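Chain A is the first sequence line, chain B the second, and so forth, proteins listed ahead of strands; every chain is numbered from 1. Just so it is clear, the model here is predicted, and its values are computed rather than measured.
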Amino acid sequence: MATPAPAIPDETKQPKSKAAKAKENLTSPWATGAAIIIAALWTIPTIGLFMTSLVPGDQYRTEAWWDVLLSGDMTFENFGYVLFNSFGDSSSADPLLGNLMNSIVVTVPTVVFPLVIGLMAAYAFAWIPFKGSNFLFVFIFALQVVPIQLALIPLLRLLGPNGVGIAGEFPGVWLAHTIFAMPLAVFLLHNFIAQIPSDIIEAARVDGASHTQIFFRVIIPLSLPAIASLAIFQFLWVWNDLLVSAVFGSINTYPLTYPISNLAGSYGATAYLVPPAAFISMIIPLIVFFSLQRYFVRGLLAGSTKG
Amino acid sequence: MSGIHEAAALVPQSGLDGEFWSTQGSNLLLAAISIVAFIAVVALVMFGADLVRGRIRDKVQLVVLITPVLVLLGIGLVYPVIDTVWLSFTEIVKEPDPVTGINTETSNFVGLQNYIYAFTDPTVFRTILNTLVWIVLVPLLSTGVGLAYAVFIDRAKGEKALKSLVFMPMAISFVGASVIWGSIMYDYNETGAQTGMLNAVLGTFGIGPINFLAEEPWNTFFLIVILSWIQTGFAMVIISAAIKGVPPEINEAASLDGANSWQRFWRITVPSIRGTLVVVMTTITIATLKVYDIVRTLTQGRYNTDVVANKMYVLSFVEQRQPLGAALAVILFIFVIPIVIYNVRSLQKVKETR
Amino acid sequence: MSIKRRYIAPIAATAIAGLALAGCSSSDDPDTSDSASGGGGEMMEGCEDYADYGTFDGGEVEVYTTITGVELGQLEETFTDFSSCTGITVNVVSSDEFETEINIRVDGGNPPDLAIIPQPGLLQTLVGTGTVIPASEAVEANVDEFWSADWKQYGTVGQTFYAAPLMASVKGWVWYSPAEFADNGYEIPATWDELMTLTQTMADNGGAGPNYKPWCIGFESGTATGWAGTDWVEDIVLREAGADAYDQWVTGELDFASPEIKSAFEKFGDIALNTDYINGGLGGTQSIVDTSFQEAGLQILESSCSLHHQASFYEAQWPEGTTVAEDGDIWAFLTPPIAEGDPSAVTGGGEFVASFRDAPEVDAVQTYMSSDTWANIRVSLGGVISANKGLDPTNASSAIGQQAIEILQSDDTVFRFDGSDLMPSAVGASAFWTEMVNYVQGKDLDTVLADIDAAWP
């Protein structure tokens with residue numbers, strides 16, 4: 001029973017053991033060099049995106065950003081344009097700031113709902129023996145691969161005007177996102193929860209704790225790192241979604257991805273606004289990542305050191 | 001004329017008035033109330049189930065725990081799956097009414113006809129082959145680079161900042177990433193100055209220009225790079241967390257035994273985090289099977305780059321040949337079965353040993 | 001949504017007031033617009049044009065469209081006065097994935113109120129589902145009055161009239177530089193042979209720009225890459241094989257492999273596959289596929305090519321400061337007939353407005369969009385034209401637009417809708433496009449044609 005306890009160790013307070021020093025040795029100049037190369041390769045396209053977003057509209061198609069940089073024509077105007085102004089002379093469409101707000105309103109609840117429901121199910125599949133438990137879990141796992149496109153029409157029939165009538169409103173978008181997120185959430189959380197040392201759960205059971213009590217007193221506190229990690233990924237997946245939002249939303253709920261994809265259309269007249277808009281859409285997910293990053297000390301699946 | 005330029009000359013209208021903010025405010029409030037209400041209901045039901053006494057309590061609580069997920073999946077995914085499987089064995093005949101133009105649809109069972117088409121039509125079969133290349137290379141590349149990077153920067157100075165650099169692409173949508181790579185990195189001009197970064201760099205060495213997205217068979221690899229670029233952040237972050245979970249004592253012992261860092265990596269780190277690697281690769285593989293946006297945005301499947309997910313999208317929604325699209329979807333399911341079996345076996349082992 | 005109107009109304013009022021349209025007097029005091037939408041009942045000053053549509057208390061109509069960007073703003077502007085006078089709020093929703101999303105929304109039972117459908121083929125598919133409401137008598141009366149029978153027919157499925165035409169474009173223009181033609185003594189070709197002779201002369205003479213070739217062609221257009229090539233073939237089929245053969249071809253009675261269609265491909269190939277003729281300033285045949293359709297023609301300004309085949313809307317692509325006029329920097333002639341004396345025939349595109357909700361406010365908006373009032377307001381805002389006969393050509397924002405309107409309204413013109421838009425989407429929005437790409441990349445023509453025929457459902 002070598003599975004380590006998935007508690008959150010505070011590494012900064014740990015005394016530096018010999019092992020830690022041994023590990024530092026691995027950070028040889030060779031490794032540092034390789035890390036820098038990877039970091040550079042992975043960052044270059046993003047830098048290119050940022051620089052391109054500073055290219056004025058009339059030079060966007062014909063000139064590379066480095067030429068524009070050298071000629072000193074770069075401008076931050078594009079950012080102001082996409083954030084605060086409607087497009088064209090009379091568009092009554094909200095500026096992207098409205099879509100940015102919609103993205104937040106769509107994303108935050110769709111992070112909470114699948115996490116809570118997924119955590120409940122993951123606990124049941126990992127620790128409550130019942131008939132058909134394995135079968136159900138495998139089935140849910142396999143549902144991950146269902147291409148969302150196939151599920152759109154049947155679900156829309158249910159949520160649309162002939163059904164519940166919440167398509168086009170935030171609750172409809174939330175529900176659709178929550179459903180599509182369930183298989184992966186259950187799978188990932190189950191992997192974590194299943195590796196909580198059995199002594200802890202059994203001890204609680206011997207003390208007469210019910211499943212509800214174990215869920216709130218043991219599972220949730222121990223799973224915080226996994227919850228935080230999955231929260232970040234779920235946040236990113238929903239934030240970057242276009243298909244579900246387009247089908248289940250309406251002009252009142254469209255997130256940032258919707259106008260961005262339309263900017264590319266219109267015979268390309270507004271294509272130069274795509275880079276700044278895409279760059280803006282990256283900012284909030286990165287803030288979320290930075291603020292939750294400390295939980296990655298023992299993140300998702302940190303307990304799964306045995307396979 | 002030119003409506004576009006006339007329009008651009010006008011001062012754009014700011015839409016940020018009071019009503020804008022009150023709408024946004026009420027939307028945020030709705031979200032906040034919904035979250036609080038949801039958590040309150042869950043908590044109430046769970047504690048309600050805790051009031052039950054006697055032997056039945058465990059059963060009631062089990063039902064409470066798994067009912068929500070089963071209901072959601074039942075209405076949202078299970079029915080579509082059954083519908084899709086059925087559809088893949090049929091053909092739909094549409095007979096328009098001569099007066100109203102409204103179709104009478106009849107669906108006939110045609111057995112394996114759609115599957116036979118998928119495996120005999122060269123363009124469709126090619127998408128299956130390409131998808132196999134994708135699901136081998138994307139998980140390997142993302143997990144490989146993610147693992148290497150996580151090991152290299154482990155406990156290095158500025159680890160968090162270094163992590164965020166590789167994580168950053170995760171914050172970009174597939175369409176956004178495709179636009180970046182297509183128009184900023186891979187852009188190709190047969191003559192004249194190169195505006196794509198890669199060709200501009202190659203040009204300074206006197207190479208190229210290369211038409212990255214048209215050169216077979218490498219173009220599929222260049223598309224795979226885009227998805228790997230995104231998924232590496234996912235792999236790296238999770239693997240890095242797992243590495244930190246390896247008990248330091250093991251490394252210490254190995255180090256005293258004289259194992260060098262390379263040996264420690266292969267003999268200790270990798271076996272210790274094997275479970276994590278399996279889960280990461282599984283998740284990335286399944287995500288890869290479903291990604292259609294990159295191909296759709298950049299090549300639309302030209303130059304033999306099509307993948308099953310994109311072909312399915314085009315057949316079902318553009319060409320309105322849903323039964324064929326359904327057959328491709330079922331083929332995607334079948335791709336996953338080995339992965340499912342492998343994961344289930346791993347999980348069984350964990351349960352047995354704990 | 002309606003909030004923004006407060007900002008827009010003054011601009012729109014000024015714009016429309018300046019148009020001096022007969023019978024179109026706009027709201028004098030834009031501030032009254034707000035009270036109108038809330039008030040319902042009483043008739044306002046300046047609303048005479050909209051009196052027939054009635055007044056509604058807070059009706060909302062969703063119009064779903066492919067139109068984005070500046071044209072979206074212009075489309076929304078056409079509803080400003082209509083909304084203030086009738087009290088109907090019109091929400092225009094646009095998507096560049098319209099063609100797929102509309103199918104999902106209709107199948108899912110959540111269709112928009114009105115959809116602006118850019119292809120008759122798609123209209124047919126949607127009508128097939130039984131969700132499209134046949135056009136009301138008012139809409140049909142407008143269409144009978146203002147449109148030709150051909151246009152009405154494109155909005156008809158079976159024998160039922162469903163969707164009223166909206167805007168139009170004339171395809172098959174060849175853009176050129178009048179100054180270059182004058183300097184070199186080039187004449188506007190009157191037949192296809194003259195066009196080919198002119199091309200050869202240009203190739204022999206060369207041009208001032210880098211990598212000069214007579215033609216520049218660009219196919220790239222995202223998920224629709226290749227459509228620019230289908231326009232070429234359609235133009236040639238209509239001119240060479242005639243309108244009847246064209247009609248048979250788009251309905252599938254005439255195969256792609258038949259001699260009429262094959263000949264059209266070959267005529268296009270005479271230009272597109274000849275590296276002496278293409279691709280000015282851009283490279284070889286591969287560059288046809290890599291160059292976006294927006295960018296290709298701009299090579300004329302660089303003197304790297306002389307001719308570019310593209311529809312009337314290409315006008316919007318010329319950079320600021322380019323004069324598009326017969327004596328300006330850029331002008332266009334129609335692709336010539338094959339032989340002298342052939343009837344003047346043009347291909348073109350257009351949109352159709354179909355209704356999915358049987359409600360008086362939806363009908364009012366649909367009726368308004370089929371009226372001459374709408375056509376005049378929209379065309380005056382610039383950038384587009386319409387085949388509406390009640391349209392005053394002088395409202396067009398440009399000389400090329402005026403000429404296009406006159407062509408559309410002329411009784412002598414044989415007009416045919418863009419063929420790929422009429423074909424089933426498996427061909428018209430898929431195989432035809434991809435095989436055009438394969439053709440210019442050197443795929444054997446017989447295989448190309450056979451592969452398109454195989455895709456026909």
- Message: Contact between B:Phe234 and A:Leu236 at the side-chain level, heavy atoms closer than 4.5 Å - yes or no?
- Response: no

- Relative to chain A, which of B:Ser173, B:Ala287, B:Ala254, B:Ser183 shows the most heavy atom pairs under 4.5 Å? B:Ser173

- Message: Tell me whether A:Ser210 contacts the main-chain N or O of B:Asp50 through its side chain, where contact means a donor paired with an acceptor under 3.5 Å.
- Response: no

- Item | chain A contact via B:Ile39 - which portion, at a heavy-atom distance below 4.5 Å | side chain

- Sort out for me which of A:Phe290, A:Trp65, A:Trp174, A:Phe180 touches chain B most, counting heavy-atom pairs under 4.5 Å. A:Trp174

- In terms of heavy-atom contacts, A:Leu41 and B:Trp229 come closest through O-NE1, 4.4 Å

- Message: Heavy-atom pairs under 4.5 Å with chain A: which of B:Thr84, B:Leu165, B:Leu62 has the most?
- Response: B:Leu62

- Task: Taking the side chain as every heavy atom from C-beta outward, state whether B:Met46 and A:Phe216 have any atom pair closer than 4.5 Å.
- Result: yes

- Any A:Ile117 side-chain heavy atom under 4.5 Å of B:Phe38 side chain: yes

- Note on the structure: Heavy-atom nearest pair, A:Trp66 first then B:Ala200, reads CZ2-CB, 3.3 Å

- N/O donor-acceptor pair under 3.5 Å between A:Asn240 side chain and B:Met170 backbone: yes

- Note on the structure: Answer key: most heavy-atom pairs under 4.5 Å with chain B among A:Leu143, A:Ile104, A:Ile284, A:Leu155 is A:Leu143

- Message: Between A:Ile44 and B:Met197, is there a side-chain heavy-atom distance shorter than 4.5 Å?
- Response: yes

- Message: Using 0.5 Å steps for rounding, measure from the CG atom of B:Asn27 to the CE atom of A:Met101.
- Response: 8.0 Å

- Message: If I measure from the heavy atoms of chain A, does B:Leu28 come under 4.5 Å with its side chain, its backbone, both, or neither?
- Response: both

- Message: Can you tell me which of A:Pro45, A:Ala278, A:Ala35 forms the most heavy-atom pairs within a distance under 4.5 Å of chain B?
- Response: A:Pro45

- Query: A:Leu175 versus chain B, heavy atoms under 4.5 Å apart: side chain, backbone, both or neither?
  - Reply: side chain

- Task: Could you check which of A:Ala277, A:Ala151, A:Ala185 has the highest count of heavy-atom pairs closer than 4.5 Å to chain B?
- Result: A:Ala151

- Which of parallel (below 30°), tilted (30 to 60°) and perpendicular (above 60°) describes A:Phe233 and B:Phe167? tilted

- Region of A:Val288 that comes under 4.5 Å of a non-hydrogen atom in chain B: neither

- Task: For A:Pro147 and B:Lys290, work out which heavy atoms get closest and say how close.
- Result: CA-CD, 4.1 Å

- Give the minimum heavy-atom separation between A:Leu49 and B:Ile184, together with the two atoms involved. CA-CD1, 3.7 Å

- Note on the structure: So, the part of A:Leu243 with a heavy atom under 4.5 Å from chain B: the answer is side chain

- Any side-chain heavy-atom pair of B:Val42 and A:Met120 under 4.5 Å: yes

- Message: For B:Tyr79 and A:Leu158: C-alpha separation, side-chain torsions, deciding distance, then whether side-chain contact (heavy atoms from CB on, under 4.5 Å) applies.
- Response: CA-CA 11 Å; B:Tyr79 167 68; A:Leu158 195 71; over 6 Å; no

- Message: Between A:Ile38 and B:Val145, is there a side-chain heavy-atom distance shorter than 4.5 Å?
- Response: yes

- Message: Please give me the minimum heavy-atom distance between B:Phe152 and A:Ala34, naming the atom from each residue.
- Response: CE1-CB, 3.4 Å

- Item | Interface moiety of B:Leu70 toward chain A, non-hydrogen atoms closer than 4.5 Å | side chain

